[in-house]
There are 2 protein chains.
Amino acid sequence: MTVRHSGGGQPERTLALLWRNQRPAASDGRRSAGRRPSLDVDGVVRAGVRLADERGLDAASMGGVAKALGVGTMTLYTYVPSKEELLDLMVDEVLAERELPAPGEPRPTNWREQVEVYSEETRAMFQRHPWLARVSTVRPPVGPGMLAGREYLLSTLLPLDLSPRDTNTAALAITTYVDSAAGQEAESLQVERTTGQSHEAWWHERSDLWETYFDAGKHPAMTTIWHANGYQDTVREAATDAYRYGLDRLLDGIQAQSDAL
Amino acid sequence: MTVRHSGGGQPERTLALLWRNQRPAASDGRRSAGRRPSLDVDGVVRAGVRLADERGLDAASMGGVAKALGVGTMTLYTYVPSKEELLDLMVDEVLAERELPAPGEPRPTNWREQVEVYSEETRAMFQRHPWLARVSTVRPPVGPGMLAGREYLLSTLLPLDLSPRDTNTAALAITTYVDSAAGQEAESLQVERTTGQSHEAWWHERSDLWETYFDAGKHPAMTTIWHANGYQDTVREAATDAYRYGLDRLLDGIQAQSDAL
DNA sequence: GGCATTCTCGTATACCATACGGAATATCCG
DNA sequence: CGGATATTCCGTATGGTATACGAGAATGCC
């Protein structure tokens, strides 16, 4: 299931944390008074990401991150207001890892290939950080990483000359598809790795389904596809094919809209 | 974030629980010996669903469900092997609530309208049970509800005469899109309800983003869309439009593939 | 009535986030 | 050099989670 997070009570502090590296640093006289910090926000966030990558999202607990950094649990609260915000920071950190051409930087000429870049970078991100699939995307962290992604995707669609509203709508539809399909794929691989059991073995354990419970009369379409060899050899192949196929058809549909103008 | 569940160690018992109401009951002599049960599996599952509906997935803890049923926590383990399985049973229960025409039952003539039915029933399901969006869909419960959904969707696509493999692939792509978009929508409404804060209020709290951090030079596409009034009035409208738009374009693309045969 | 069988559930374990308050350590100011 | 002040560090306590274990209660069969 998915982990909750919302943004907490002080949106201003959260924004300042999210954008901590994007602005000059605002060095206002007041320099140093009091004990020197032994950590910094980036270190805490990176430790959280590393733990989640290596041992799953649950391992990125406040206690776990603190132990990884060699400090007491409560020390983290000096750097981050709560677990929710830490998660937001982790999410935006990895969103920003995607290497999406900034405005003015070289990119493929074809809009579909540009969307391809978004898709592949996002897929790679989910592969590196499968725990992302378990974090809710409603009210996401509005940090540099998320905005860069939205900006790039919108920019790929502008040449289609859809109405501004349709352009935005199309971008939302694409992110919905890409993010969830890429997330499912990554989670699927992750489950095979952490359980040490392939999906095929998992299905094999459930062969009773077909022998005992499945009623071909109630499932004629499935039965037809089955007998016509419509099921791929592996679950992974099926998922990969479905990802590509769905994205291609979605882009076909958007292209057709644009052509009809 | 999403909640984990995999299926546990005894797939046969899990399958028997999932399909408990689909088979005659297998009354083998051995009837009664020992203390009479005070509950049954259906009651436990329904209590779990009701709690999750009313107070969120976290409220459907083993202790919470037991308290709602007026028994001790450990009593539940007589009916259900673990929390994982309970969750699987809850998921298949609500998947089965969708009123999808069975083979032979009347349905729209047009394949797109048939997919529409799947989409709307699934959307309604997520609205009734927003916690579903937080449950992982890798290795889902292979019960009657899930199979009925797959069967129906495949059956809507057969008339397109795609290859068996493409038919299956297209069905996977559609469920990926519909399930995740419907889940996001439901979760979004849920968040507004439980936090008591509209998305607009949430964005308003973050107006510092635009005033302090946003750099129009780095985000020309967003800025263009903004000035062209490309953003809907409410987040809800934007999400609903994106859902419809994306599904329509995806189906356009699939239709085009079929026409090209 | 005895006894096998089955259900019931209190207790213990090991996690989780975080409120609170006090101790440690740094600079600033006199 | 000596407080005063500011800041970080973190032990402890609280209330939550799933579930292993084993004792106790209720039932039907003989």
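Quick caveat, the model's predicted, so the values are computed rather than measured. Chain letters run A, B, ... following the sequence lines, proteins first and then strands; every chain starts at 1.
Each of D:dT8, C:dT18, D:dT19 was ranked by its minimum atom distance to the side chain of A:P37; first place goes to D:dT8. Among the nucleotides D:dT8, D:dA18, C:dC7, the one closest to any side-chain atom of A:T78 is D:dT8.
Residues A:P11 and B:W202 are not in side-chain contact: their nearest non-hydrogen atoms beyond the backbone lie 4.5 Å or more apart. For the pair A:E185/A:R123, a side-chain contact is recorded, criterion being any heavy-atom separation below 4.5 Å from C-beta on. Residues B:L147 and B:W19 meet the side-chain proximity criterion, which asks for heavy atoms closer than 4.5 Å.
For the pair B:K67 NZ and C:dC9 P, the interatomic distance rounds to 14 Å; values are reported in whole Å. In this structure, B:K83 atom NZ and D:dG16 atom C1' are separated by 12 Å, rounded to whole Å. Straight-line distance from the CG atom of A:L69 to the P atom of D:dC9: 11 Å, rounded to whole Å. One atom, CZ of B:R55, and another, C1' of D:dG16, lie 14 Å apart when rounded to the nearest Å. Distance A:E84 CD to C:dT18 C1': 12 Å, rounded to the nearest Å. What separates CE of B:M74 from C1' of D:dA25 is a distance of 17 Å, to the nearest Å. Rounded to whole Å, atom P of C:dC16 lies 16 Å from atom CG of B:D58. In this entry the distance linking CE of A:M62 with P of D:dG11 reads 15 Å, nearest Å.
If you find the closest nucleotide of DNA chain D to B:S61 and to B:R35, the one lying nearer the 5' end belongs to B:S61.
Taking side-chain N and O atoms only, A:T73 has no distance below 4.0 Å to OP1 or OP2 of D:dC10. Listed pair B:T75 / C:dC9 meets the phosphate criterion, a side-chain N or O lying under 4.0 Å from OP1 or OP2. Contact annotation: B:R36 side-chain N/O to D:dG28 OP1/OP2 distance is under 4.0 Å. Residue A:Y79 places at least one side-chain N or O under 4.0 Å from the OP1 or OP2 atom of D:dC9.
Among the protein residues, B:G34 comes within range of the nucleic acid bases, having at least one heavy atom under 4.0 Å from a base atom. Within 4.0 Å of A:S38, counting heavy atoms only, lie sugar-phosphate atoms of the nucleic acid but no base atom.
Residues B:G145 and B:R98 share a closest heavy-atom pair of O-NH2, 3.7 Å.
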- Do B:E187 and B:R134 pass the salt bridge (charged side-chain N to carboxylate O under 4.0 Å, His left out) test, and can you show the C-alpha distance, the side-chain angles, and the key distance before you say yes or no? CA-CA 8 Å; B:E187 209 182 338; B:R134 302 208 150 281; 2.5 Å; yes
